[in-house]
K.L.:
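Got a structure for you, questions after.
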Amino acid sequence: MAGSFQTVKGFRDFYPEQMALRNYLVDAWRRVSIRNGFVEYEAAMLEYLDLFRVKSGEGIVSELFSLVDRGGRELAIAPEITPSLARMINARIGGLPRPIKWFSIPHVCRAENPQKGRGREFYQWNVDVVGSDEVLADAECIFTLVDLLAELNLSPADAAVFLSSRSLLAAALASVGVANEKHEAVLPVLDKRDKVPPEAFEEMALKAGLEAAQIDRLRRFQDSTTLAEAIGYLEPTDAVATARAALEEVLKLLGAMGAGDYVKLDLHVVRGLAYYTGVVYEAFDSGRALRALAGGGRYDNLLELLGGPKIGATGFGMGDIVLGILLAEKGKLPDFAERCDCFIIDAGEGMFDDALAIVAELRRAGLAAGFSYKRQALGKQLRAAGQKGAAIAVIVGQELRDRGEVVVKDMATGEQAPVARAELARELQSRPRGLAR
RNA sequence: GUGGCUAUAGCUCAGUUGGCAGAGCAUCUGGUUGUGGUCCAGAGGGUCGUGGGUUCAAAUCCCACUAGCCACCCCA
């Protein structure tokens with residue numbers, strides 16, 4: 001590596017080719033959000049450290065970048081947008097029509113150790129519905145996530161959303177006799193169910209206070225592939241019935257929206273975060289080779305926790321890093337070559353001023369028109385046009401002087417024909433633009 | 001934050017028991033004035049991640065640091 005400076009650990013530079021990928025993802029996120037009825041917001045990137053302490057506990061402080069400013073304020077670069085979203089909505093809760101459907105694409109920072117699919121900085125698409133307790137809101141968020149997968153040409157065989165429910169997990173624990181105060185210790189163990197060997201799971205579960213019979217039932221419950229089978233391992237309590245109905249309703253709604261192929265029940269999904277209260281889900285690549293593509297769920301207590309009213313909310317986040325890796329590995333990325341609709345070539349002494357005038361005119365007409373900085377042979381300029389990926393070359397030569405015409409050459413087919421100078425812009429606008437390749 | 005592996009040209013990588021820094025691709029220049037994308041010729045480009053140490057001599061051996069990958073922790 002030349003030079004003394006490297007990028008800071010976990011941070012990325014975006015050279016034009018990486019920038020093209022990022023814009024491709026961000027454009028898709030924004031496009032899908034808008035057509036699903038979400039409006040965009042952006043929160044301040046620096047927040048009071050206490051905002052994250054209140055939401056996530058003191059332990060969060062070591063996981064984020066914080067600083068003390070010259071006024072002695074404890075600040076943090078936002079590691080996620082949800083607390084800021086709650087802050088912004090709480091501030092205007094009285095005046096916002098509900099449901100509040102907002103999305104954002106913040107650049108967030110987390111002080112974690114980097115590895116594949118995880119840096120210390122990333123862009124995270126966030127989609128949330130606030131102010132609705134209905135599972136319809138959960139279903140609409142999940143549909144939006146599925147819509148994005150499809151928008152990026154990821155089929156159900158490439159990636160899918162795995163659906164679970166915190167309320168069902170809580171009801172399940174209660175129904176097999178796990179006391180409420182043990183839930184906080186047990187949930188992380190269930191989260192590990194398919195991530196550790198069976199013996200390790202057993203050991204962790206015993207340590208969390210479960211009995212052997214409970215572990216066995218919960219294991220079967222989690223491993224169930226249908227909701228009916230899962231419920232069969234539980235006692236028929238009201239809480240179980242209510243949670244089951246909610247989850248069934250979400251699946252039914254997604255089926256009605258044609259997203260059923262992308263959504264699968266998976267009771268191994270728990271989510272680490274304590275604040276989830278209802279439906280939870282994660283999106284993964286089909287091979288499960290990568291980290292989660294997205295994760296989310298219902299969080300009905302967060303706004304109240306941050307000083308607002310008790311108001312229901314649900315949503316998810318999706319980072320740019322894992323998504324970019326998956327699309328690249330699946331060969332689902334388009335060619336990010338720069339756009340060059342046409343390339344203007346001066347052929348002959350003294351024609352450059354005319355060529356430049358044409359470049360300027362075509363650019364004003366909205367075409368991406370290129371030209372060579374060097375006055376060189378026609379062949380060299382054609383090669384430059386080819387390297388730029390120009391669909392069309394315009395040759396400005398003697399026929400302009402003789403008959404007021406230029407030669408328009410299709411770079412893909414090699415066909416060329418004279419076009420009147422005055423008709424050139426209109427002629428090129430009528431042709432397909434972009435790459436000739 | 002902890003541990004393991006790794007770091008040579010813009011990219012992918014060779015470089016033997018320590019003995020003159022290399023290839024392919026990419027880039028640039030030329031092949032003399034109107035036809036490209038697969039042609040020829042030439043050139044530039046590296047304090048071998050950074051800083052120390054051992055040695056007559058270090059890309060090569062040793063130490064520390066930095067960064068990347070992997071496994072933990074965590075996963076908002």
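Source: prediction; values computed, not measured.
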K.L.:
What contact category does A:Gln124 fall into here, base, sugar-phosphate, or nothing, at under 4.0 angstrom with non-hydrogen atoms?
P.N.:
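Nothing: the residue A:Gln124, judged by heavy atoms under 4.0 Å, touches no strand.
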K.L.:
Side-chain donor-acceptor pair under 3.5 Å between A:Thr144 and A:Asp147, yes or no?
P.N.:
no
K.L.:
What is the distance, to the nearest angstrom, from the CZ atom on A:Phe343 to the C1' atom on B:G37?
P.N.:
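So the CZ-C1' distance, A:Phe343 to B:G37, works out to 13 Å.
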K.L.:
Under 3.5 Å for both donor-acceptor distances, Watson-Crick or wobble: does B:U17 have a partner, and if so which one?
P.N.:
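WC or wobble partner does not exist here.
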K.L.:
Taking the C1' atom in each of B:G18 and B:A57, what is the distance between them to the nearest angstrom?
P.N.:
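Approximately 8 Å lies between the C1' atom of B:G18 and that of B:A57.
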K.L.:
Partner lookup for B:A64, please. Criteria are Watson-Crick or G-U wobble with both distances under 3.5 angstrom; report none if nothing qualifies.
P.N.:
B:U50
K.L.:
In whole Å, what separates the C1' atom of B:A26 from that of B:G10?
P.N.:
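Their C1' atoms lie roughly 7 Å apart.
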K.L.:
Applying side-chain contact (heavy atoms from CB on, under 4.5 Å), run through A:Asn113 and A:Lys9 and close with a yes or a no.
P.N.:
CA-CA 8 Å; A:Asn113 236 3; A:Lys9 180 200 270 200; 3.3 Å; yes
K.L.:
Assuming nearest nucleotide by heavy-atom distance, tell me which of A:Glu415 and A:Glu112 is located more 5' along RNA chain B.
P.N.:
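Its nearest nucleotide being more 5', the pick is A:Glu415.
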K.L.:
Measure the distance from CG on A:Asp346 to P on B:G34 and round it to the nearest whole Å.
P.N.:
10 Å
K.L.:
Could you identify the nucleotide paired to B:A26, looking across every strand shown and requiring Watson-Crick or G-U wobble geometry with both distances under 3.5 Å?
P.N.:
none
K.L.:
Specify whether A:Trp102 and A:Tyr41 have parallel, tilted or perpendicular ring planes, treating 30° as the upper limit for parallel and 60° as the lower limit for perpendicular.
P.N.:
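Plane angle between 30° and 60°, so tilted.
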K.L.:
Given B:C74, B:A76, B:U35, identify the nucleotide with an atom nearest to the side chain of A:Tyr275.
P.N.:
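Of the candidates, B:A76 comes closest.
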K.L.:
Whole angstrom is fine here: how far is it from CE in A:Met351 over to P in B:G34?
P.N.:
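About 14 Å, once rounded to whole Å.
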K.L.:
In terms of side-chain heavy atoms of A:Pro79, which of B:G34, B:A76, B:G68 is nearest?
P.N.:
B:A76
K.L.:
Tell me which nucleotide among B:G34, B:U2, B:C73 gets nearest to the side chain of A:Asn113.
P.N.:
B:U2
K.L.:
Classify the nucleic acid contact of A:Ala377 as base, sugar-phosphate or nothing, counting any heavy atom under 4.0 Å across all strands shown.
P.N.:
sugar-phosphate
K.L.:
For B:A59 versus B:A9, give the span between their P atoms, rounded off to a whole number of Å.
P.N.:
14 Å
K.L.:
Closer than 4.0 Å, any side-chain N/O of A:Arg383 to the OP1 or OP2 of B:U35?
P.N.:
no
K.L.:
Paired with B:U35 by Watson-Crick or G-U wobble geometry, both distances under 3.5 Å: which nucleotide is it?
P.N.:
none
K.L.:
Nearest whole angstrom, please: distance from the C1' of B:A76 to the CD of A:Glu282.
P.N.:
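Atom-to-atom, A:Glu282 to B:A76, this comes out as 12 Å.
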K.L.:
Provide the distance between the two C1' atoms, one in B:A41 and one in B:U47, to the nearest whole Å.
P.N.:
32 Å
K.L.:
Whole-Å distance between B:G34 C1' and A:Phe352 CZ?
P.N.:
17 Å
K.L.:
If I compare all heavy atoms of A:Ser56 with all of A:Glu80, which pair ends up nearest, and what's the gap?
P.N.:
OG-OE2, 4.2 Å
K.L.:
Counting any heavy atom closer than 4.0 Å, what does A:Gly414 reach on the DNA or RNA strands: base, sugar-phosphate only, or nothing?
P.N.:
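Here A:Gly414 touches the bases of the nucleic acid.
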K.L.:
Counting only side-chain nitrogens and oxygens, does A:Lys374 get under 4.0 Å of the OP1 or OP2 atom of B:U29?
P.N.:
yes
K.L.:
Does A:Ala384 or A:Gly117 map to a spot on RNA chain B nearer the 5' end, using the closest nucleotide for each?
P.N.:
A:Ala384
K.L.:
Roughly how far apart, to the nearest Å, are B:A23 and B:U32 at atom P?
P.N.:
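Straight-line distance between the two P atoms is 28 Å.
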K.L.:
Once hydrogens and angles are ignored, does a donor-acceptor distance under 3.5 Å link the base of B:C69 to the side chain of A:Arg118?
P.N.:
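Side chain to base: no pair present.
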K.L.:
For a ring-ring contact (aromatic ring centres under 6.0 Å, His included) check, start with the C-alpha distance between A:Phe316 and A:Trp125, then their side-chain angles and the critical distance, and finish with the verdict.
P.N.:
CA-CA 8 Å; A:Phe316 68 87; A:Trp125 179 41; 5.1 Å; yes
K.L.:
With a 3.5 Å cut-off and heavy atoms only, can you find an N or O donor on one side and an acceptor on the other between the side chain of A:Arg271 and the base of B:C75?
P.N.:
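Such a pair does not exist between side chain and base.
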K.L.:
With a 4.0 Å cut-off on heavy atoms, is A:Ile395 in touch with a base, just the backbone sugar-phosphate, or nothing at all?
P.N.:
base
K.L.:
A:Gly379 near the nucleic acid: base, sugar-phosphate alone, or nothing, with a heavy-atom cut-off under 4.0 Å?
P.N.:
sugar-phosphate
K.L.:
Return the nearest nucleotide to the side chain of A:Glu80; candidates are B:A76, B:C75, B:G36.
P.N.:
B:A76
K.L.:
Rounding to an integer number of angstrom, what distance separates B:U17 and B:C11 when you compare their C1' atoms?
P.N.:
32 Å
K.L.:
If we call it a pair only when both distances are under 3.5 Å in a Watson-Crick or G-U wobble match, what pairs with B:G1?
P.N.:
B:C72
K.L.:
Please lay out, stage by stage, how A:Phe336 and A:Tyr24 fare under the test ring-ring contact (aromatic ring centres under 6.0 Å, His included).
P.N.:
CA-CA 9 Å; A:Phe336 289 133; A:Tyr24 175 71; 5.5 Å; yes
K.L.:
Taking atom types as they are modelled, is there a donor-acceptor pair under 3.5 Å from the base of B:G34 to the side chain of A:Glu399?
P.N.:
yes
K.L.:
Can the positive tip of A:Arg22 be found less than 6.0 Å from the middle of the six-membered ring of A:Phe14, inside 45° of the ring normal?
P.N.:
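Output yes; distance and angle both within limits.
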K.L.:
Among B:G68, B:A76, B:C73, which nucleotide sits nearest the side chain of A:Gln115?
P.N.:
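For A:Gln115, the side-chain atoms sit closest to B:C73.
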K.L.:
Tell me which nucleotide among B:C74, B:G30, B:C70 gets nearest to the side chain of A:Lys116.
P.N.:
B:C70
K.L.:
Side chain of A:Gln398: nearest nucleotide among B:C69, B:G36, B:G34?
P.N.:
B:G34
K.L.:
Does A:Gln387 make a side-chain N or O approach to OP1 or OP2 of B:G36 shorter than 4.0 Å?
P.N.:
no
K.L.:
Work out which heavy atom in A:Met411 is nearest to a heavy atom in A:Ala385; give both atom names and the distance.
P.N.:
CE-CB, 4.0 Å
K.L.:
Nearest to the side chain of A:Lys9, which nucleotide is it out of B:G68, B:A76, B:U35?
P.N.:
B:G68
K.L.:
Distance check needed: B:U33 P versus A:Leu382 CG, whole Å only.
P.N.:
14 Å
K.L.:
Could you tell me how far apart A:Tyr373 (OH) and B:U27 (C1') are, to the nearest whole angstrom?
P.N.:
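Rounding to the nearest Å, OH of A:Tyr373 and C1' of B:U27 are 18 Å apart.
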K.L.:
On a whole-Å scale, what distance lies between the P atoms belonging to B:U8 and B:A14?
P.N.:
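Nearest-Å result for B:U8 against B:A14 at atom P: 10 Å.
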K.L.:
Does B:A58 have a Watson-Crick or wobble mate here (both distances under 3.5 Å), and if so which one?
P.N.:
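WC or wobble partner does not exist here.
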K.L.:
Using the rule side-chain contact (heavy atoms from CB on, under 4.5 Å), only one of A:Leu187, A:Leu218, A:Val269, A:Val186 pairs with A:Leu169; which is it?
P.N.:
A:Leu187
K.L.:
Is A:Glu349 side chain donor-acceptor paired with the B:U33 base, going by distance under 3.5 Å alone?
P.N.:
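Answer is no: no donor-acceptor pair is held.
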K.L.:
Which part of the nucleic acid, if any, lies within contact of A:Gln381, taking any heavy atom under 4.0 Å across all strands shown: a base, the sugar-phosphate backbone alone, or nothing?
P.N.:
nothing
K.L.:
Starting at CG of A:Leu190 and ending at P of B:C75, how long is that distance when rounded to a whole Å?
P.N.:
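My rounded result for the distance is 15 Å.
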K.L.:
Taking only the C1' atom of each, what is the distance from B:U16 to B:C75 in whole angstrom?
P.N.:
46 Å
K.L.:
NA contact type, A:Ile345, heavy-atom cut-off 4.0 Å: base, sugar-phosphate, or nothing?
P.N.:
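No contact.
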